[in-house]
> 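Below is one structure. I have some questions about it.
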Amino acid sequence: MLIKFPKKIDKEIFKYNNEGQTKYGLPKEVLFCKSCVISNQRPNSSIEFKNKKDSKKNTINFDENLICDACKVKDKKAKINWELREQELKELCEKFRKNDGTYDCLVPGSGGKDSFMQAHLLKYKYGMNPLTCTWAPHIYTDWGWRNHQAWIHAGFDNVLFTPNGRVHRLLTRLAVDNLLHPFQPFILGQKNLAPKIAKNYGISLIFYGENEAEYGNPLSDMSQAIRDKKYLTIDNQDEIVLGGSSLNELYEMGLKKGDLDPYFPVSSDLILDNNIQVHYLGYYIKWHPQNAYYYSVENGGFESSPERTAGTYSTYNSIDDRIDDFHYHTTWIKFGIGRATYDAAQEIRSGELTREEGVALVNKYDGEFPLRWSDQIFDYLTLDKENFPKASQFFEKPIFDRNYYDLLCDQFRSPHLWKWDEEEGWQLRHIISNIKGDQSDTAKYWVGNN
């Protein structure tokens with residue numbers, strides 16, 4: 001196996017009058033939700049340890065009125081009896097609570113606003129004894145590390161797992177080359193760590209925050225308090241794919257099974273034998289991301305970023321990893337959806353923005369190149385011969401730079417999303433401000449900042 005240097009693509013199929021083929025199984029017709037700003041190109045959560053280069057994406061559902069499932073979740077949440085849901089939570093806690101102060105639940109997270117609020121509520125409002133656990137970011141931001149420490153000093157034990165740096169760099173480089181997905185190794189670790197920690201500490205109850213349906217997974221998922229075990233388990237490890245590479249390919253590069261174990265999901269038997277349940281706290285309490293920010297500031301001194309995050313207008317969402325900027329830039333390349341779209345769509349649903357404000361923010365910030373830490377990220381993705389004597393031989397060009405990244409991005413563009421012009425360069429064929437039809441009457445759900 002040789003990872004070849006990305007060559008220049010034939011741009012003829014990206015001409016203005018040729019919408020061409022679609023990649024990743026995306027819908028050919030590009031639509032935008034009339035209630036928020038998300039497009040129908042948004043992929044749903046997938047099973048990361050089965051993600052291959054040719055994997056087809058399931059995407060967010062739109063109804064006949066062009067309203068996305070995530071916006072319908074907002075309407076569904078308004079009809080839920082949250083007092084009854086909270087009573088269910090209290091009964092769940094009573095079932096698992098240990099009165100001797102030993103750990104009775106596990107909260108995975110970084111110490112960001114959401115995981116801080118989860119752990120703090122469980123301990124100080126519902127009387128639980130949570131252990132927290134963290135899969136370390138690729139490269140901590142200064143404020144991300146301080147928030148992690150503030151989380152611990154708000155009264156929590158924490159297991160911080162930092163994977164082998166060279167293994168993590170290699171898997172990240174493979175994920176970028178094969179999938180244009182720099183965040184995948186972190187996601188693999190973050191999702192697969194918790195059941196292992198729970199088993200080691202004799203904990204049967206794990207809490208995540210909000211259900212992925214709040215952001216676009218199928219509406220029917222909202223009826224479930226327990227996370228589907230398909231995201232957590234696999235019984236045939238030969239089916240595992242990491243960084244878009246099979247285990248045999250990774251072994252050829254010099255990695256051993258022990259190097260990869262931290263990224264592996266657990267077996268279904270481990271879940272059953274240890275009676276491990278993974279619940280969404282957002283099923284029991286009405287989840288509101290900006291409220292989580294205010295809560296974490298008030299109760300733990302949470303620190304937002306001192307600067308606007310690249311590609312968006314926000315300063316407090318997912319701010320602990322320097323590679324995160326590139327994660328959202330690559331979603332813009334592959335799906336035409338940048339970080340401002342994700343942020344604005346969520347804040348429109350939560351009532352912080354009108355749709356018109358969201359459209360303006362998307363058009364201003366989506367797709368901004370993440371310049372601030374780019375040199376450091378490119379160095380991180382470079383596989384020098386001294387530290388990677390065997391693995392570097394599997395890359396036609398182990399050195400990673402801006403030219404490499406730009407050429408690689410071009411290979412992942414879908415012709416139905418992108419057009420090329422010699423004077424204007426790359427442009428999205430469809431942006432939310434120039435779609436057909438009247439979508440101006442879209443702020444009727446907005447009720448102000450509550």
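Fair warning: this is a prediction, and the values are worked out from it, not measured in the lab.
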> Between the side chains of Tyr316 and Glu303, is a donor N or O closer than 3.5 angstrom to an acceptor N or O?
no

> With the threshold set at 4.0 Å, does a side-chain nitrogen-carboxylate oxygen contact exist between Lys8 and Asp410?
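Salt bridge flag = no for Asp410 with Lys8.
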
> Start with the C-alpha distance between Phe264 and Phe49, add both sets of side-chain angles, then the distance that settles ring pair (Phe, Tyr, Trp, His ring centres under 6.0 Å), and finish with yes or no.
CA-CA 8 Å; Phe264 285 0; Phe49 48 83; 9.3 Å; no

> Is the terminal nitrogen or CZ of Arg227 (NZ for Lys, CZ for Arg) located under 6.0 angstrom from the six-membered ring centre of Tyr231 and within 45° of that ring's axis?
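Judged by the rule, Arg227 and Tyr231 form a cation-pi pair.
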
> Is a salt bridge present between Asp259 and Arg166, judged by a nitrogen-to-oxygen distance below 4.0 Å?
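No, Asp259 and Arg166 are not salt-bridged.
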
> Can you check whether Phe32 reaches Leu66 side chain to side chain, under 4.5 Å on heavy atoms?
no

> His288 and Glu210: side-chain donor and acceptor closer than 3.5 Å?
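Glu210 and His288 do not have a side-chain donor-acceptor pair below 3.5 Å.
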
> Does some side-chain heavy atom of Glu347 sit less than 4.5 Å from a side-chain heavy atom of Gln290?
yes

> Under 3.5 Å, is there a donor-acceptor pair between the side chain of Thr134 and the main chain of Gly109?
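Indeed, once roles are kept as given, a pair shorter than 3.5 Å links the two residues.
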
> Under a 3.5 Å distance rule, please check whether Asn40 uses its side chain to pair with a backbone N or O of Leu31 as donor and acceptor.
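Looks like yes, one N/O pair under 3.5 Å.
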
> State, to 0.1 Å, how close Ala70 and Glu214 come at their nearest heavy-atom pair, and which atoms those are.
CB-O, 3.7 Å

> Does atom CD of Glu307 have more than 12 heavy-atom neighbours, drawn from other residues, nucleotides or ligands, at distances under 6.0 Å?
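Atom CD in Glu307 is packed in, count exceeds 12.
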
> More than 12 foreign heavy atoms under 6.0 Å from NZ of Lys11: is that the case here?
yes

> Are the side chain of Thr22 and the backbone N or O of Gly25 linked by a donor-acceptor pair below 3.5 Å?
no

> Using atom types as modelled and distance alone, determine if a side-chain donor or acceptor of Asn147 lies under 3.5 Å from a backbone N or O of Trp143.
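Yes, the answer is positive, given that a donor and an acceptor are paired below the 3.5 Å cut-off.
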
> Specify the closest pair of heavy atoms between Leu250 and Ser245, including all atoms of both residues, with the distance to one decimal.
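So the two residues come closest at CD2-CB, 3.9 Å.
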
> Please report the C-alpha distance between Met222 and Lys77 in whole Å, then the side-chain angles of each, then the deciding distance to 0.1 Å, and finally whether the side-chain contact (heavy atoms from CB on, under 4.5 Å) criterion is met.
CA-CA 9 Å; Met222 275 297 290; Lys77 285 171 66 176; 4.0 Å; yes

> Under 6.0 Å between ring centres, would you say that holds for His181 and His327?
yes

> Cut-off 3.5 Å, side chains only: do His148 and Asn158 have a donor facing an acceptor?
yes

> Taking NZ, NE, NH1 and NH2 as the nitrogens, is one of them in Asp261 or Lys257 under 4.0 Å from a carboxylate oxygen of the other?
yes

> Strictly by modelled atom types, are Ser267 and Asp235 linked by a side-chain donor-acceptor pair under 3.5 Å?
no

> Are there more than 12 heavy atoms of other residues, nucleotides or ligands under 6.0 Å from atom CD of Glu29?
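Result for CD/Glu29: open.
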
> Could you tell me whether the side chain of Leu106 reaches within less than 4.5 Å of the side chain of Leu205, counting heavy atoms only?
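No, every pair of side-chain atoms sits at 4.5 Å or beyond.
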
> Could you check whether any side-chain N or O of Ser296 sits under 3.5 Å from a backbone N or O of Met117, counting only pairs where one atom can act as donor and the other as acceptor?
no

> Tell me whether the NZ or CZ atom of Arg42 lies within the 45° cone about the ring axis of Phe335 and under 6.0 Å from its centre.
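No - Arg42 does not lie over the ring of Phe335 by the 6.0 Å and 45° rule.
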
> What is the minimum heavy-atom distance between Ala225 and Tyr283, and which atoms define it?
CB-CD2, 3.4 Å

> Does Tyr405 have its ring centroid less than 6.0 Å away from the ring centroid of Phe326?
yes

> Please determine, by modelled atom types, if Asp320 and Thr141 share a side-chain donor-acceptor pair under 3.5 angstrom.
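Absent: no donor and acceptor within the cut-off.
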
> Can any side-chain N or O of Asn192 pair as donor or acceptor with the backbone N or O of Tyr263 at less than 3.5 Å?
yes

> Angle between ring planes, Tyr201 versus Tyr103, binned at 30° and 60°: parallel, tilted or perpendicular?
perpendicular

> Are any non-hydrogen side-chain atoms of Glu252 and Phe394 less than 4.5 angstrom apart?
yes

> If you apply the rule side-chain contact (heavy atoms from CB on, under 4.5 Å), what do you find for Thr162 with Leu160, and how did you get there?
CA-CA 6 Å; Thr162 305; Leu160 172 61; 4.0 Å; yes

> Is there a side-chain contact (heavy atoms from CB on, under 4.5 Å) between Ser318 and Arg339 once you walk through the steps?
CA-CA 11 Å; Ser318 193; Arg339 187 157 186 170; 3.4 Å; yes

> Looking only at the side chains, is there a donor atom on one of Glu212 and Tyr280 sitting less than 3.5 Å from an acceptor on the other?
yes

> Would you sort out whether Val37 and Ile348 count as a side-chain contact (heavy atoms from CB on, under 4.5 Å), showing the intermediate values?
CA-CA 8 Å; Val37 290; Ile348 291 168; 3.8 Å; yes

> Please round to the nearest 0.5 Å and tell me the distance separating atom CZ of Arg413 and atom CD1 of Ile9.
7.5 Å

> Is it true that the side chains of Asn129 and Asp104 contain a donor and an acceptor less than 3.5 Å apart?
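Result is yes, a qualifying pair exists.
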
> Restricting to non-hydrogen atoms, name the atom on Asn363 and the atom on Ile432 that form the minimum distance, rounded to 0.1 Å.
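Looks like OD1-CG2, 3.9 Å.
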
> Where the side chain of Thr331 meets the backbone of Ile337, is there a donor-acceptor pair that is under 3.5 Å apart?
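Yes, Thr331 side chain to Ile337 backbone: donor-acceptor pair under 3.5 Å.
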
> Using side-chain hydrogen bond (donor to acceptor under 3.5 Å, both in side chains) as the criterion, point out the one residue from Lys28, Arg429, Gln41, Lys23 that pairs with His416.
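Single side-chain hydrogen bond (donor to acceptor under 3.5 Å, both in side chains) partner of His416 among Lys28, Arg429, Gln41, Lys23: Gln41.
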
> In the structure I gave you, are the side-chain heavy atoms of Asp324 and Ile319 within less than 4.5 Å of one another anywhere?
no

> Within 45° of the ring axis of Tyr404 and under 6.0 Å from its six-membered ring centre, is that where the NZ or CZ of Arg173 lies?
yes

> I'd like to check Gln346 versus Ile38 (side-chain heavy atoms, cut-off strictly below 4.5 Å). Are they in contact?
no

> Verify the distance criterion only: is there a donor paired with an acceptor across the side chains of Tyr293 and Asn317 at less than 3.5 Å?
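No pair is found: no donor N or O on one side chain lies under 3.5 Å from an acceptor on the other.
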
> Of all heavy-atom pairs between Cys409 and Ile333, which one has the smallest distance, and what is that distance?
O-CG2, 3.4 Å

> Mark yes or no for whether Asp366, through its side chain, and Thr341, through its backbone, hold a donor-acceptor pair below 3.5 Å.
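Yes, because the side chain of Asp366 sits within donor-acceptor range (under 3.5 Å) of the backbone of Thr341.
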
> Any chance the rings of Tyr208 and His279 have centres within less than 6.0 Å?
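Not under 6.0 Å, so no.
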
> Has Glu298 got more than 12 heavy atoms of other residues, nucleotides or ligands less than 6.0 Å from its CD?
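12 or below, so no.
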
> Any idea how Trp135 and His168 line up, ring-wise: parallel (<30°), tilted (30 to 60°), or perpendicular (>60°)?
tilted

> For residues Tyr380 and Thr172, determine if any side-chain heavy atom of one lies less than 4.5 Å from a side-chain heavy atom of the other.
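Tyr380 reaches Thr172 side chain to side chain.
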
> Whether the Asn275 and Ser204 side chains hold a donor-acceptor pair (N or O, under 3.5 Å, no angle test) is what I'd like checked.
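Their side chains do not contain a donor-acceptor pair, so the 3.5 Å distance test is not met.
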
> What do you reckon, are the aromatic ring centroids of Phe14 and Trp426 less than 6.0 Å apart?
yes

> Do Asn387 and Asp384 meet the criterion of a side-chain donor-acceptor pair at a distance under 3.5 Å?
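Note: Asn387 and Asp384 side chains meet the donor-acceptor criterion.
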
> Is a side-chain N or O of Asn274 found less than 3.5 angstrom from the main chain of Ile276, in a donor-acceptor match?
no

> Do the side chains of Lys52 and Lys50 get nearer than 4.5 Å, heavy atoms only?
no

> Please check: side-chain N/O of Arg308 versus main-chain N/O of Ser314, any donor-acceptor pairing under 3.5 Å?
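Checked: no pair found.
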
> Which value, rounded to the nearest 0.5 Å, describes the distance between Met253 atom CE and Leu171 atom CG?
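These two atoms lie 9.5 Å from each other.
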
> Are the aromatic rings of Phe302 and Phe116 close, with centres under 6.0 Å apart?
no

> Can you see whether Phe156 has Lys123 sitting over its ring - NZ or CZ less than 6.0 Å from the centre and within 45° of the normal?
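Satisfied, under 6.0 Å and within 45°.
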
> Any idea which heavy atoms bring Cys33 and Phe62 closest together, and the distance?
N-CE2, 3.3 Å

